Amino acid sequence: METLTIAQLGNPILREHATPLSAAQYQEFAPFFNALQLKMLENNGVGIAAPQVSESIRAFIVASRPNPRYPDAPMMEPTLMLNPEITWASESMEKDWEGCLSIPGIRALVNRHSHIEVRYDTLEGKEVKTQMEGFIARIFQHELDHLNGLVFLDRAE
Ligand SMILES: O=C(NO)N[C@@H](Cc1ccccc1)C(=O)O
Ligand SMILES: [Zn+2]
(Lines give C-alpha, C1' and ligand atoms only; values in the text may rest on other atoms or scores of the structure.)
(Ligands and ions follow the chains in the order given, each with its own letter.)
Protein backbone atom coordinates (compact mmCIF):
# COMPACT_ATOMS: atom_id res chain seq x y z
CA MET A 1 0.00 0.00 0.00
CA GLU A 2 1.45 3.39 -0.97
CA THR A 3 1.78 6.09 1.71
CA LEU A 4 -1.53 7.50 2.94
CA THR A 5 -2.69 11.01 2.02
CA ILE A 6 -5.31 12.85 4.07
CA ALA A 7 -8.27 13.86 1.86
CA GLN A 8 -9.16 17.55 2.24
CA LEU A 9 -12.67 19.04 2.38
CA GLY A 10 -14.02 19.11 -1.17
CA ASN A 11 -12.87 15.56 -1.87
CA PRO A 12 -16.10 13.61 -2.56
CA ILE A 13 -14.79 10.60 -0.57
CA LEU A 14 -15.52 12.61 2.62
CA ARG A 15 -19.18 12.75 1.61
CA GLU A 16 -19.70 9.01 1.12
CA HIS A 17 -21.49 6.64 3.48
CA ALA A 18 -18.67 4.23 4.37
CA THR A 19 -19.10 0.47 3.91
CA PRO A 20 -19.29 -1.92 6.91
CA LEU A 21 -16.44 -4.43 7.26
CA SER A 22 -17.10 -8.16 7.55
CA ALA A 23 -15.29 -9.78 10.50
CA ALA A 24 -13.49 -11.94 7.92
CA GLN A 25 -11.86 -8.76 6.57
CA TYR A 26 -10.60 -7.36 9.90
CA GLN A 27 -7.17 -9.06 9.89
CA GLU A 28 -6.75 -8.28 6.17
CA PHE A 29 -6.86 -4.58 7.02
CA ALA A 30 -4.40 -4.81 9.95
CA PRO A 31 -1.47 -3.26 7.99
CA PHE A 32 -3.75 -0.44 6.80
CA PHE A 33 -4.92 0.27 10.38
CA ASN A 34 -1.27 0.50 11.52
CA ALA A 35 -0.54 2.99 8.73
CA LEU A 36 -3.73 4.92 9.64
CA GLN A 37 -2.61 5.30 13.27
CA LEU A 38 0.87 6.46 12.18
CA LYS A 39 -0.69 9.04 9.86
CA MET A 40 -2.84 10.34 12.76
CA LEU A 41 0.17 10.58 15.12
CA GLU A 42 2.31 12.27 12.42
CA ASN A 43 -0.33 15.00 12.28
CA ASN A 44 -0.86 15.29 16.05
CA GLY A 45 -4.39 14.01 15.62
CA VAL A 46 -6.51 12.75 18.52
CA GLY A 47 -8.61 10.68 16.13
CA ILE A 48 -8.84 9.71 12.47
CA ALA A 49 -11.42 7.92 10.29
CA ALA A 50 -10.58 5.59 7.38
CA PRO A 51 -12.45 7.70 4.80
CA GLN A 52 -10.01 10.54 5.53
CA VAL A 53 -7.32 8.52 3.76
CA SER A 54 -9.76 7.55 1.00
CA GLU A 55 -10.63 4.12 2.38
CA SER A 56 -14.43 4.25 2.64
CA ILE A 57 -14.85 1.58 5.32
CA ARG A 58 -16.53 1.83 8.75
CA ALA A 59 -13.42 2.07 10.93
CA PHE A 60 -11.75 4.80 12.96
CA ILE A 61 -9.22 5.38 15.73
CA VAL A 62 -9.97 7.41 18.89
CA ALA A 63 -6.71 8.46 20.56
CA SER A 64 -7.16 11.38 22.93
CA ARG A 65 -3.93 12.55 24.57
CA PRO A 66 -2.41 15.94 25.34
CA ASN A 67 -0.54 17.18 22.25
CA PRO A 68 0.39 20.55 20.74
CA ARG A 69 -3.01 20.81 19.03
CA TYR A 70 -5.07 19.76 22.09
CA PRO A 71 -2.98 20.41 25.23
CA ASP A 72 -5.92 19.67 27.58
CA ALA A 73 -7.02 16.42 25.92
CA PRO A 74 -7.48 13.53 28.40
CA MET A 75 -5.13 10.55 28.15
CA MET A 76 -6.36 7.25 26.68
CA GLU A 77 -4.86 4.30 24.80
CA PRO A 78 -5.31 4.78 21.03
CA THR A 79 -8.29 2.53 20.23
CA LEU A 80 -9.23 1.10 16.83
CA MET A 81 -13.01 0.78 16.50
CA LEU A 82 -14.57 -1.36 13.73
CA ASN A 83 -18.19 -1.03 12.64
CA PRO A 84 -18.77 1.45 15.49
CA GLU A 85 -22.26 2.57 16.56
CA ILE A 86 -23.85 4.81 19.17
CA THR A 87 -26.44 2.74 21.07
CA TRP A 88 -27.60 5.53 23.43
CA ALA A 89 -26.99 9.29 23.59
CA SER A 90 -27.77 11.74 26.41
CA GLU A 91 -30.28 14.53 25.91
CA SER A 92 -27.71 16.84 27.46
CA MET A 93 -25.37 18.42 24.94
CA GLU A 94 -22.09 20.34 25.31
CA LYS A 95 -20.37 22.83 23.03
CA ASP A 96 -16.61 22.68 22.62
CA TRP A 97 -13.97 23.38 20.00
CA GLU A 98 -13.19 20.86 17.27
CA GLY A 99 -10.72 20.64 14.43
CA CYS A 100 -10.27 18.15 11.61
CA LEU A 101 -7.21 16.81 9.79
CA SER A 102 -9.22 17.19 6.57
CA ILE A 103 -9.92 20.88 7.28
CA PRO A 104 -6.58 22.22 8.53
CA GLY A 105 -6.31 25.54 10.35
CA ILE A 106 -10.04 25.83 11.11
CA ARG A 107 -11.66 25.31 14.53
CA ALA A 108 -15.36 25.63 15.32
CA LEU A 109 -17.68 25.26 18.31
CA VAL A 110 -19.71 22.08 17.90
CA ASN A 111 -22.63 20.82 20.00
CA ARG A 112 -22.29 17.12 20.89
CA HIS A 113 -24.02 14.66 23.24
CA SER A 114 -22.29 14.90 26.63
CA HIS A 115 -22.57 11.15 27.30
CA ILE A 116 -22.92 8.22 24.89
CA GLU A 117 -23.03 4.43 24.97
CA VAL A 118 -21.28 2.80 22.04
CA ARG A 119 -20.49 -0.60 20.57
CA TYR A 120 -17.66 -1.56 18.21
CA ASP A 121 -15.57 -4.59 17.25
CA THR A 122 -11.86 -4.95 17.97
CA LEU A 123 -9.40 -6.19 15.34
CA GLU A 124 -9.70 -9.65 16.96
CA GLY A 125 -13.46 -9.57 16.29
CA LYS A 126 -14.48 -9.09 19.95
CA GLU A 127 -17.53 -6.86 20.50
CA VAL A 128 -16.96 -4.02 22.99
CA LYS A 129 -19.84 -2.12 24.61
CA THR A 130 -18.80 0.91 26.65
CA GLN A 131 -19.73 4.46 27.57
CA MET A 132 -17.94 7.73 26.92
CA GLU A 133 -18.29 11.29 28.04
CA GLY A 134 -16.63 14.68 27.52
CA PHE A 135 -13.86 15.12 24.96
CA ILE A 136 -13.55 11.39 24.22
CA ALA A 137 -17.29 11.15 23.50
CA ARG A 138 -16.80 14.17 21.26
CA ILE A 139 -14.02 12.53 19.26
CA PHE A 140 -16.16 9.38 18.81
CA GLN A 141 -19.09 11.45 17.49
CA HIS A 142 -16.77 13.41 15.17
CA GLU A 143 -15.29 10.19 13.75
CA LEU A 144 -18.68 8.50 13.38
CA ASP A 145 -19.84 11.53 11.39
CA HIS A 146 -16.97 10.88 8.94
CA LEU A 147 -18.32 7.35 8.34
CA ASN A 148 -21.66 8.95 7.42
CA GLY A 149 -20.26 11.62 5.08
CA LEU A 150 -20.44 14.47 7.59
CA VAL A 151 -17.72 16.88 8.78
CA PHE A 152 -17.72 19.02 11.95
CA LEU A 153 -18.41 22.22 9.99
CA ASP A 154 -21.81 20.75 9.04
CA ARG A 155 -22.69 21.00 12.73
CA ALA A 156 -20.77 24.15 13.66
CA GLU A 157 -22.70 26.73 15.69
O1 LIG B 1 -9.86 14.89 11.76
C2 LIG B 1 -9.77 14.22 12.77
N3 LIG B 1 -10.57 13.18 12.96
O4 LIG B 1 -11.50 12.91 12.00
N5 LIG B 1 -8.93 14.54 13.80
C6 LIG B 1 -9.37 15.52 14.78
C7 LIG B 1 -10.13 14.79 15.89
C8 LIG B 1 -10.97 15.67 16.81
C9 LIG B 1 -12.30 15.36 16.98
C10 LIG B 1 -13.12 16.11 17.85
C11 LIG B 1 -12.57 17.19 18.56
C12 LIG B 1 -11.21 17.51 18.38
C13 LIG B 1 -10.41 16.76 17.51
C14 LIG B 1 -8.12 16.21 15.33
O15 LIG B 1 -8.08 17.43 15.28
O16 LIG B 1 -7.24 15.49 15.77
ZN1 LIG C 1 -12.16 14.86 11.21
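Read the numbers this way: they start at 1 and go in the same order the structure lists the ligands and their atoms. None of these values were measured; they are calculated from a predicted model.
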Closest approach of any protein heavy atom to [atom], naming residue and atom:
atom                    : value
atom 1 (O) of ligand 1  : Leu101 N, 2.7 Å
atom 6 (C) of ligand 1  : Gly99 O, 3.6 Å
atom 16 (O) of ligand 1 : Val46 N, 2.8 Å

Please check whether [X] reaches ligand 1 - meaning an N/O of the residue sits under 3.5 Å from an N/O of the ligand, judged on distance alone.
X     : answer
Glu98 : no
Asn44 : no
Gly47 : yes
Arg69 : yes
Tyr70 : yes

With atoms numbered from 1 as shown, which atoms in ligand 1 lie under 4.0 angstrom from a non-hydrogen atom of [X]?
X      : answer
His142 : 1 (O), 2 (C), 3 (N), 4 (O), 9 (C), 10 (C)
Gln52  : 1 (O), 2 (C), 3 (N), 4 (O)
Gly45  : 16 (O)

[X] bridged to [Y] by N-O distance under 4.0 Å:
X      : Y      : result
Glu127 : Arg119 : yes
Asp121 : Lys126 : no
Glu98  : Arg138 : yes

query: Does even one non-hydrogen atom of Phe135 get within less than 4.0 Å of ligand 1?
result: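 So Phe135 counts as touching ligand 1.
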Within-shell test, Phe152 vs ligand 1, heavy atom, strictly < 4.0 Å: no
Assess, by modelled atom type and distance only, whether the side chains of [X] and [Y] contain a donor and an acceptor separated by less than 3.5 Å.
X      : Y      : result
His142 : Arg155 : no
His113 : Gln141 : no
Gln52  : Ser102 : yes
Thr87  : Glu117 : no

- prompt: Is there a donor-acceptor contact under 3.5 Å from the side chain of Asn67 to the main chain of Tyr70?
  reply: yes
- prompt: Hey, is His146 touching ligand 1 through its side chain, its backbone, both or neither, going by heavy atoms under 4.0 Å?
  reply: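 Looking at His146 and ligand 1, just side chain atoms fall under 4.0 Å.
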query: Going by heavy atoms in the side chains, are Thr122 and Tyr26 under 4.5 Å from each other?
result: no
field: Lys NZ or Arg CZ of Arg58 over Phe29 ring: under 6.0 Å, within 45°
entry: no
task: Nearest heavy atom to atom 3 (N) of ligand 1 wins, so pick from Arg107, Glu143, Arg112.
output: Glu143
query: Hey, which N, O or S atom on His142 ends up closest to the Zn ion (ligand 2)?
result: NE2
